[in-house]
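Scroll down for the structure; my scribbles are underneath it.
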Amino acid sequence: MALYTPQAAAADARRTVLTTSGRSRERTPRSLVFVVLLWFSLLVAFATLVALLVHTLVDGLPRLDGRLFSEYPSSRPEEAGARPAVLGSLWVIGTTAVLAVPLGVAAAVHLEEFADRDKWWNRLIEVNISNLSAVPAIIYGMLALGSLALLGVTQKNIVVGGAVALGMLILPVIIISTREALRAVPRELRDGSLAVGASDLQTTWRITLPAALPGIATGTILALSRALGEAAPLLLLGGLVFLSFDPNGLLSQFTTMPIQIFSWTSQPQAEFHTLAAAASILLMGILLLMNGTAIYIRNRSQKRW
Amino acid sequence: MTTEPTVHDAIEMELVQKHASRPEVPETPTPVIQVEDVSVFYDDYQAVRDVTLDIGHNEITALIGPSGCGKSTILRSLNRMNDLIRGARVTGAIRYWGQDMYEPGVDPIEVRRRIGMVFQKPNPFPKSIYDNIAYGPRVTGMKVDDMDAHVERALTRAALWDEVKDKLKQSAYGLSGGQQQRLCIARTIAVEPDVILMDEPCASLDPIATLRIEELMAELRDLYTIVIVTHNMQQAARVADRTAFFTAAIDPQTGERHGELVEFDKTTTIFERPADPRTEGYISGRFG
Ligand SMILES: Nc1ncnc2c1ncn2[C@@H]1O[C@H](COP(=O)(O)OP(=O)(O)OP(=O)(O)O)[C@@H](O)[C@H]1O
Ligand SMILES: [Mg+2]
């Protein structure tokens, strides 16, 4: 009889490991409890969300009409609308985008394509950007408030002020997502460009950035949608105001949709709560549209390389 | 399926004839690039040491040798693509028509425009076929009167024109691997370089696509100087005028592996009468 060699023993052991344990189909009481708990958590989260949505829809649909867009806030709920808030949100988010997107993309391009990663200051900047994305929104409001005060601006609730606060809030998000998009562009594309005699700048501008564009767009849209739903920093700047005119410039006073919703929910009359629900539906619709666009861009550009 | 070997054979036949009919390779090359005592370091690690060889004008030079012996490293140092690798450093001198290309004041971008590079994996840009070719001339600011004609010429030289002339505006990603690689060659040709470096350009291609690239190289030899890294011994024997055999040896003092040039000569000499037993061993090992 052949000797039972160590090799044979090892082979046997492997066979045992591969076939007999059947742990993938294990159903011990403990794991069952765990699975049930997981499902339960999911159910709770989902049910809460559905309940909220349905409740808001039922509440708000009756007032989701033209008046919401065309009327100014009023002390009489049947005449009130969110026109300045909708326009204010557009103004602030538009300005935020103009301020934060070029700056964020440029910062990301510098860090990813040009900065020397061995230098301590670049590493410091990297760590800080990650930290900044975890800073509570209200801090940015305080920062904007302080900066405006230092500049001697008395009326703090102005479009640029809000845009600066929100811009700082989403800048780290834009930088991080842009860097990820740039990192996903294969090295070979850059090499191919450099090998025909293009400069670093030309390569970045004509090859790397266009290739990363879908990723950058996705990240930017998600960041802007976060800014759109944000109320805290703007409240701090004094965004909780009763406006009966349209914002019409960078220095104009403004209010935004989340603030308008907040203001209506704190009114005693039930009709205002209906209005708040209607405005919430509108806001959710816009956010859904933005996130949908982001997902669409991401899926459509699943790259071939 | 059944036609494949015949196409393959036909191209190979043609290639062999072309090779046989070309003029005798001179004993010493007219150097376009002179590599003198070159060592390349990655941080403190000396990847290749003391390489000296001349790249002959309008010749095909093959760099062969086992994996990790520094063929790519040397190739990348010939057009300063090594500059892009952090920690990479070149010592010694590499002269292009007599001028040291690592001298301060030499612009690596200018070097790369004259000495183009084709990579192992085809890497077309995510652009149309036309824009892939026009990219180089545009970014380098070449004076091109008629870009359409220029694109056609580059694609024709790369033996791709007939296959793509009706879909110039389509994405380059729609092409097969072999076509993409010829597109990359065309893209390199379009900036009218002097030298073309190719790092295992056929490594990801099937045998027929490989032979087409080889055929193309044989045709381009009259217009350009070509340096090719290959693991395919037959390929070196088929296309190269001169062959450099590299190997990696362990330094007994430090225990580190360094690549070095063992032998550099006319391809026929390397394959028929190698001077160094290591060359002989490598070649016969591969030929079976
Ligand atoms: N970017 C790098 N950083 C550090 N070491 C490297 C780098 N590139 C290559 N090396 C090392 O340099 C040596 C030579 O590598 P190189 O890629 O030039 O070999 P090669 O002959 O092209 O091999 P192959 O045939 O596998 O492509 C190897 O030991 C490798 O590990
Ligand atoms: Mg290599």
Side-chain angles (χ1 to χ4, degrees), chain A residues 105 109-123 125-126 178-219 296-305, chain B residues 43 75-76 78-87 107-127 131-142 154 171-175 180-181 183-193 196-199 204:
Chain A
V105 171
V109 165
H110 172 73
L111 284 173
E112 199 56 38
E113 306 288 320
F114 296 100
D116 183 348
R117 241 155 278 176
D118 292 336
K119 296 286 186 293
W120 63 266
W121 56 85
N122 288 324
R123 286 213 300 274
I125 290 173
E126 281 184 25
T178 302
R179 289 190 67 183
E180 263 155 30
L182 291 170
R183 218 170 299 153
V185 177
R187 176 81 249 161
E188 289 84 44
L189 283 187
R190 297 176 178 86
D191 286 349
S193 167
L194 294 165
V196 293
S199 67
D200 287 330
L201 210 58
Q202 287 171 325
T203 302
T204 301
W205 200 243
R206 296 180 180 232
I207 301 291
T208 319
L209 265 180
L213 204 55
I216 297 174
T218 308
Y296 172 74
I297 293 175
R298 195 181 57 206
N299 288 350
R300 218 195 42 169
S301 66
Q302 293 286 324
K303 267 290 178 326
R304 308 72 33 170
W305 45 66
Chain B
D43 293 314
L75 194 74
R76 279 197 303 265
L78 298 184
N79 72 340
R80 298 196 56 171
M81 284 302 277
N82 263 351
D83 292 17
L84 308 171
I85 298 172
R86 275 193 308 146
D107 187 354
I109 293 166
E110 221 27 61
V111 172
R112 291 184 209 121
R113 201 196 69 61
R114 270 151 236 257
I115 308 176
M117 190 161 200
V118 176
F119 300 84
Q120 176 169 345
K121 206 169 126 240
N123 58 348
F125 302 131
K127 296 174 180 291
D131 287 336
N132 261 277
I133 307 296
Y135 180 78
R138 281 177 186 153
V139 295
T140 52
M142 252 172 82
S171 165
Y173 286 109
L175 299 175
Q180 287 188 7
Q181 195 61 302
L183 181 73
C184 292
I185 294 174
R187 181 175 79 186
T188 308
I189 290 173
V191 291
E192 289 168 9
I196 303 176
L197 310 176
M198 303 187 180
D199 195 348
S204 61

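No hydrogens, no waters, no symmetry mates; every other heavy atom, side chains included, goes into these values. In what follows, chains carry the letters A, B, and so on, assigned in the order in which the sequence lines appear, proteins first and then strands, with residues in each chain numbered from 1.
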Nearest 0.5 Å please: distance from the [atom1] atom of [X] over to the [atom2] atom of [Y].
X        : Y        : atom1 : atom2 : value
A:Arg206 : B:Asp131 : CZ    : CG    : 10.0 Å
A:Asp200 : B:Asp83  : CG    : CG    : 10.0 Å
A:Arg187 : B:Ile85  : CZ    : CD1   : 8.5 Å

Taking all heavy atoms of [X] and all of [Y], pick out the closest pair and write down the distance.
X        : Y        : value
B:Val139 : A:Ala198 : CG2-CB, 3.7 Å
B:Arg86  : A:Asp118 : NH1-OD1, 3.0 Å
A:Leu194 : B:Arg112 : O-CD, 3.3 Å

Which region of [X], side chain (C-beta onward) or backbone (N, CA, C, O), has a non-hydrogen atom less than 4.5 Å from a non-hydrogen atom of chain A, or is it both or neither?
X        : value
B:Tyr135 : side chain
B:Leu84  : side chain
B:Pro124 : backbone

Taking side chain as C-beta onward, heavy atoms only, is [X] less than 4.5 Å from [Y]?
X        : Y        : result
B:Met81  : A:Asp191 : yes
B:Pro126 : A:Leu189 : yes
B:Thr140 : A:Gln202 : no

Checklist entry - If you draw a 6.0 Å radius around OH in A:Tyr296, do more than 12 non-hydrogen atoms from other residues or ligands fall strictly inside? => result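 Check fails, neighbour count at 12 or below.
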Donor-acceptor pairs are to be reported for all side-chain atoms of residues 113-120 of chain B against protein atoms at under 3.5 Å, with residues two or more places apart or in another chain.
residue  : atom : partner  : partner atom : Å
B:Arg113 : NH1  : B:Val191 : O            : 2.6
B:Arg114 : NH2  : B:Glu110 : OE2          : 2.8

